[in-house]
Number of protein chains: 2
Amino acid sequence: MSPRTVLPLPATSFHILLALVDGPAHGYGIKRVVEERTHGRIRLAAGTLYEAMQRLSRQGLIENTEAPEEFSGSGRVRFYRITDTGEAELGDELRRLEQDVAFARTKVPAEQG
Amino acid sequence: MSPRTVLPLPATSFHILLALVDGPAHGYGIKRVVEERTHGRIRLAAGTLYEAMQRLSRQGLIENTEAPEEFSGSGRVRFYRITDTGEAELGDELRRLEQDVAFARTKVPAEQG
DNA sequence: TTCGGTAATATCGGTTTCCGATAATCAAAA
DNA sequence: TTTTGATTATCGGAAACCGATATTACCGAA
């Protein structure tokens, strides 16, 4: 099997894909979720966020889906879900990161808490 | 204590710093080491590499050091070592990556090998 | 009702980072 | 000698990131 990886996956894209594993969401929601769960560490500036999502769409890693009813009234909210390809890419990237992090930890001593 | 982190640390810089934990090295050597240990996964194109190292120097995360004798004859080889600040940054970034990877793994099932 | 804040998407200009190509220099090998 | 490998550097362009701004909509407070 040839590696299915299309591209180097930027960190921003990794976090967007990860947020979508829980189910469809819209851009602004992803921004909030990622910011919360990293305690503000990862911010996803608006420009970065929406451009990254357009990119991911173009690459077929995420795709549009219809908004749930509780959002039907409110303006032009765009919901996205992760595709099978996107899940595969996310899994691949996660495995790579795990390898790098594990190796790095053999070189860098953990600090005393 | 306020976080000492200066900047977001790009992936390339992370790998360069990591390679320097084993001791001083020159750019081309780092390129080879990283490429080997990732089995060709991370390539470090020449432009990326040397510009990243100039950046890291400017930021005080690495610094020039003299080449060992076995390199004294051979041209203009530049050796670098990681600074204390660099080690601290590397440790910080590694901790962040570990957090992200661990969280991601709770969401993404490991593939059957 | 007006005002301000939050939600939500989009785009623009500018900066940073990344990449591949090219070039220059030197040594060793063929 | 020609070639090959090692090594650093720079350049132009592409990709990614950022903050600001604009727009639209809703909601709660004044």
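Below, chain A is the first sequence line, B the second, and so on; all start at residue 1.
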K.L.:
Starting from Y80(A), can I reach Y50(A) by hopping between I/L/V/M/F/W/Y residues whose side chains sit under 4.5 Å apart?
P.N.:
yes

K.L.:
Can you list everything that forms a side-chain contact (heavy atoms from CB on, under 4.5 Å) with R41(B)? Sequence neighbours excluded, please.
P.N.:
R96(A), Q99(A), D100(A), T38(B)

K.L.:
To the nearest Å, how far apart are N64(B) CG and dT8(D) C1'?
P.N.:
12 Å

K.L.:
Please pick, from dA16(D), dT8(D), dT11(C), the nucleotide with the shortest atom-to-atom distance to any side-chain atom of P10(A).
P.N.:
dA16(D)

K.L.:
Looking only at the side chain of V77(A) (C-beta and beyond, no hydrogens), which of the listed nucleotides dC11(D), dA6(D), dA8(C) gets closest?
P.N.:
dA8(C)

K.L.:
Would you please confirm or rule out a distance under 4.0 Å between OP1 or OP2 of dC18(C) and any side-chain N or O of T12(B)?
P.N.:
yes

K.L.:
Looking at every strand, decide which applies to G47(B) at a 4.0 Å heavy-atom threshold: base, sugar-phosphate, or nothing.
P.N.:
base

K.L.:
According to a hydrophobic-cluster definition based on side-chain heavy atoms being under 4.5 Å apart (Ile, Leu, Val, Met, Phe, Trp, Tyr only), do V33(A) and L49(A) belong together?
P.N.:
no

K.L.:
Is the base of dT9(C) touched by the side chain of R78(A) through a donor-acceptor pair closer than 3.5 angstrom?
P.N.:
no

K.L.:
Under a 3.5 Å distance rule, please check whether R105(A) uses its side chain to pair with a backbone N or O of V108(A) as donor and acceptor.
P.N.:
yes

K.L.:
Which whole-number value in Å describes the distance from M53(B) CE to dT7(D) P?
P.N.:
12 Å

K.L.:
Is Y50(B) close enough to dA9(D) that one of its side-chain N or O atoms is under 4.0 Å from OP1 or OP2 there?
P.N.:
no

K.L.:
Tell me: CG of L56(A) to C1' of dA15(D), nearest whole Å?
P.N.:
13 Å

K.L.:
Is the shortest side-chain N/O distance from R32(B) to OP1 or OP2 of dT7(D) below 4.0 Å?
P.N.:
yes

K.L.:
Under 4.0 Å, counting only non-hydrogen atoms across every strand here, what does A46(B) touch: a base, just sugar-phosphate, or nothing?
P.N.:
base

K.L.:
Whole-Å distance between dA9(D) C1' and Y80(B) OH?
P.N.:
11 Å

K.L.:
Within this structure, what is the CZ-to-C1' distance between R58(A) and dA15(D), rounded to whole angstrom?
P.N.:
10 Å

K.L.:
Would you say dC18(D) has OP1 or OP2 under 4.0 Å from some side-chain N or O of T48(A)?
P.N.:
yes

K.L.:
Indicate whether OP1 or OP2 belonging to dC18(C) is found under 4.0 Å from a side-chain N or O atom of R55(B).
P.N.:
yes

K.L.:
Within this structure, what is the CG-to-C1' distance between L49(A) and dT9(C), rounded to whole angstrom?
P.N.:
9 Å

K.L.:
Grab the CD-C1' distance between E51(B) and dT7(D) for me, whole Å please.
P.N.:
16 Å

K.L.:
Taking OP1 and OP2 of dT9(C), is either one under 4.0 Å from a side-chain nitrogen or oxygen of Y28(A)?
P.N.:
no

K.L.:
What's the CZ-P distance between R76(B) and dC26(C), to the nearest Å?
P.N.:
7 Å

K.L.:
I'd like to know whether H26(B) forms a side chain to side chain contact (heavy atoms under 4.5 Å, CB included) with K31(B), so could you lay out the CA-CA distance, the side-chain angles of the two residues, the decisive distance to 0.1 Å, and finally the verdict.
P.N.:
CA-CA 9 Å; H26(B) 55 87; K31(B) 176 186 163 68; over 6 Å; no

K.L.:
When we call it a touch if two heavy atoms are under 4.0 Å apart, what does Q54(B) touch: a base, just sugar-phosphate, or nothing?
P.N.:
sugar-phosphate

